[in-house]
There are 2 protein chains.
Amino acid sequence: MLSYTEENYLKALLQLTVEKGNKEGAGTNELAVHLNLKPATANDMLKKLKEKKLVEYEKYGKSSLTREGRRLATDVVRKHRLWETFLFEKLAFAWDEVHEVAEQLEHIQSKKLVDKLDEFLGFPGFDPHGDVIPNARGELQMRSTKTLHEEVVNHRCTMVAVKDNAASFLQYVNQVGLRINDTIHVLSRQPYDDLMEIEVNGKKSSISSRFAENIVVSCKDCDIAKPKIKSLNAIK
Amino acid sequence: MLSYTEENYLKALLQLTVEKGNKEGAGTNELAVHLNLKPATANDMLKKLKEKKLVEYEKYGKSSLTREGRRLATDVVRKHRLWETFLFEKLAFAWDEVHEVAEQLEHIQSKKLVDKLDEFLGFPGFDPHGDVIPNARGELQMRSTKTLHEEVVNHRCTMVAVKDNAASFLQYVNQVGLRINDTIHVLSRQPYDDLMEIEVNGKKSSISSRFAENIVVSCKDCDIAKPKIKSLNAIK
DNA sequence: AAATAATGTTAGGCAAATCTAACAAATATT
DNA sequence: AATATTTGTTAGATTTGCCTAACATTATTT
């Protein structure tokens, strides 16, 4: 049985590696920053998780999850996203409020609870932020992650997710009038600072490059329509 | 902010005092046994909670909750019972499965979550075991607690709750065919060991005194129909 | 290549929550 | 009332997860 803390380390490593496509693994400092801890603390835990065969760690090297570690981390992510969906769909939470509470709920230990919750929600594929919910077998659908920042001027695309789940960012997205599945028309881009002008539902807005980098979009020529299954069993 | 552990101590004290009508308070050993800990551990925590003004504790004396301690403990109980109701009503858990999971869920910190959950469930008054759910103001309805053991031969009564929430007991209750709101007809009682014969929904069963003591019942002449509100503000 | 900066590690310490073992006080029994 | 039993307390140790401070390694820059 993993502690609350150990689960958070595994989840962080999953986010810093698999989800960000950072194949070599995550550095100790990077991990510490992500978890708001000191590097010394992260270092201790990496050694502990290596002992438990959940993490690949070598002195002065990058760390990554073992197959078992990835399975456990994926399960935490699954729970997190199912709870977010519950809060949003059933309890009428706003999308910028669900993350914080799900951070607590994701650690509840009960296989039955997760499976029943999944069923109660109608086996959802995506959470309120557009992120893929891993299925009960620990499989995580991978989507190509083109961001609005990479979109071409004059093209239209559809918003499918956000990359940053922080309440402050999500509230800003609301303010711009952007919602998942909305069509975004890119009107212009300043070459100097990549400031973009976009139109959504008839409303024009100027957005910074930092903002645009956190909006995940799909377009006709994207391969987003044919998602690949990244099975844990497929990983040697 | 209280730790998970501190909340459990407060809840235990509530159960050992207010709920069991044990006015003088609970002993250190008694508390330790209830929480499956050593008396030395409970002793340390009592001193810590006294410092925080949540518990009245004097060396070699009985301990009880302060008004603030009782408020916090009642809130934990409220969350526990709301979650049990959710699991039972919405996720189709059996009544002997809800307690264990609710022991974890009761510690989730989010006022909004509790209020929304309460609303989602239709502001339920009782949990799946027939226990009263404290309301959002921390008020706990008190019911007279006549047990089946105290019922007179040949009388009929209605099962309103169980006193023991352990899965093993609840499964036994299922086996006897007893459910909340069922009418129980007391057919006989052996003077020697208080073994009772009862009839429920046409089915006759023999039950031990220990079993009967854990079934809470109501009858026409009980004052159970007019519950008193035990408000925290009413307690000096 | 040497100096500087960034990153990672180790050692030692602290607080929370638990334990054991020894001791003290209160209660019950003879 | 003396003794035995139960109950409660204290002191010291352990584990987990965190810290700071000093040091070591690797990467970057001049």
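Side chains included, hydrogens not; waters and symmetry mates left out as well; all remaining heavy atoms used. Chain letters run A, B, ... following the sequence lines, proteins first and then strands; every chain starts at 1. Keep in mind it's a predicted model, so treat the numbers as computed, not measured.
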Open item on the list: Check for me whether the distance between the ring centres of B/F93 and B/F86 falls short of 6.0 Å.
Closed with: no
Distance, rounded to the nearest Å, where [X] contributes [atom1] and [N] contributes [atom2]:
{"X": "B/K62", "N": "D/dT9", "atom1": "NZ", "atom2": "P", "value": "11 Å"}
{"X": "B/E7", "N": "C/dA17", "atom1": "CD", "atom2": "P", "value": "11 Å"}
{"X": "B/M1", "N": "C/dA15", "atom1": "CE", "atom2": "P", "value": "21 Å"}
{"X": "B/E24", "N": "C/dA26", "atom1": "CD", "atom2": "P", "value": "17 Å"}
{"X": "B/N29", "N": "D/dT9", "atom1": "CG", "atom2": "P", "value": "9 Å"}
{"X": "A/L46", "N": "C/dT10", "atom1": "CG", "atom2": "C1'", "value": "15 Å"}
{"X": "B/L37", "N": "C/dC19", "atom1": "CG", "atom2": "C1'", "value": "10 Å"}
{"X": "B/L49", "N": "C/dA16", "atom1": "CG", "atom2": "C1'", "value": "13 Å"}

Task: Pair A/K11-A/E106, salt bridge (Lys or Arg N to Asp or Glu O under 4.0 Å): steps then yes or no - done: CA-CA 11 Å; A/K11 191 177 59 146; A/E106 72 189 7; 3.0 Å; yes
Task: Residue A/Y60, side-chain atoms from C-beta onward, closest of C/dC19, D/dT7, C/dT9 - done: C/dT9
Task: B/K48 charged N/C atom sitting above B/Y9 aromatic ring, 6.0 Å / 45° - done: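 No, a cation-pi geometry is absent between B/K48 and B/Y9.
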Open item on the list: Given the ring of A/F120, does B/K90 sit roughly above its face, with NZ or CZ under 6.0 Å from the centre of the six-membered ring and within 45° of the axis?
Closed with: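 No, cation not above the ring by the 6.0 Å, 45° rule.
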Task: Heavy-atom pair of closest approach, residues A/W95 and A/L170 - done: O-CD1, 3.3 Å
TODO: List the atom of B/A42, the atom of B/A32, and the distance in Å for their closest heavy-atom pair.
DONE: CB-CB, 4.0 Å
N/O-N/O pairs, protein side and nucleotides 10-16 of chain D side, under 3.5 Å:
residue : atom : partner : partner atom : Å
D/dT10  : OP1  : B/K59   : NZ           : 3.0
D/dT10  : OP2  : B/K47   : NZ           : 2.6

TODO: For C/dT18, take OP1 and OP2 only and decide whether either is under 4.0 Å from a side-chain N or O of B/Y9.
DONE: yes
Task: A/T41 side-chain N/O to D/dC19 phosphate OP1/OP2 under 4.0 Å - done: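 The answer is yes; a side-chain N or O of A/T41 sits under 4.0 Å from OP1 or OP2.
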Task: Given B/H99, B/H107, B/H129, the one that forms ring pair (Phe, Tyr, Trp, His ring centres under 6.0 Å) with B/H80 - done: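 Only match with B/H80 under ring pair (Phe, Tyr, Trp, His ring centres under 6.0 Å): B/H99.
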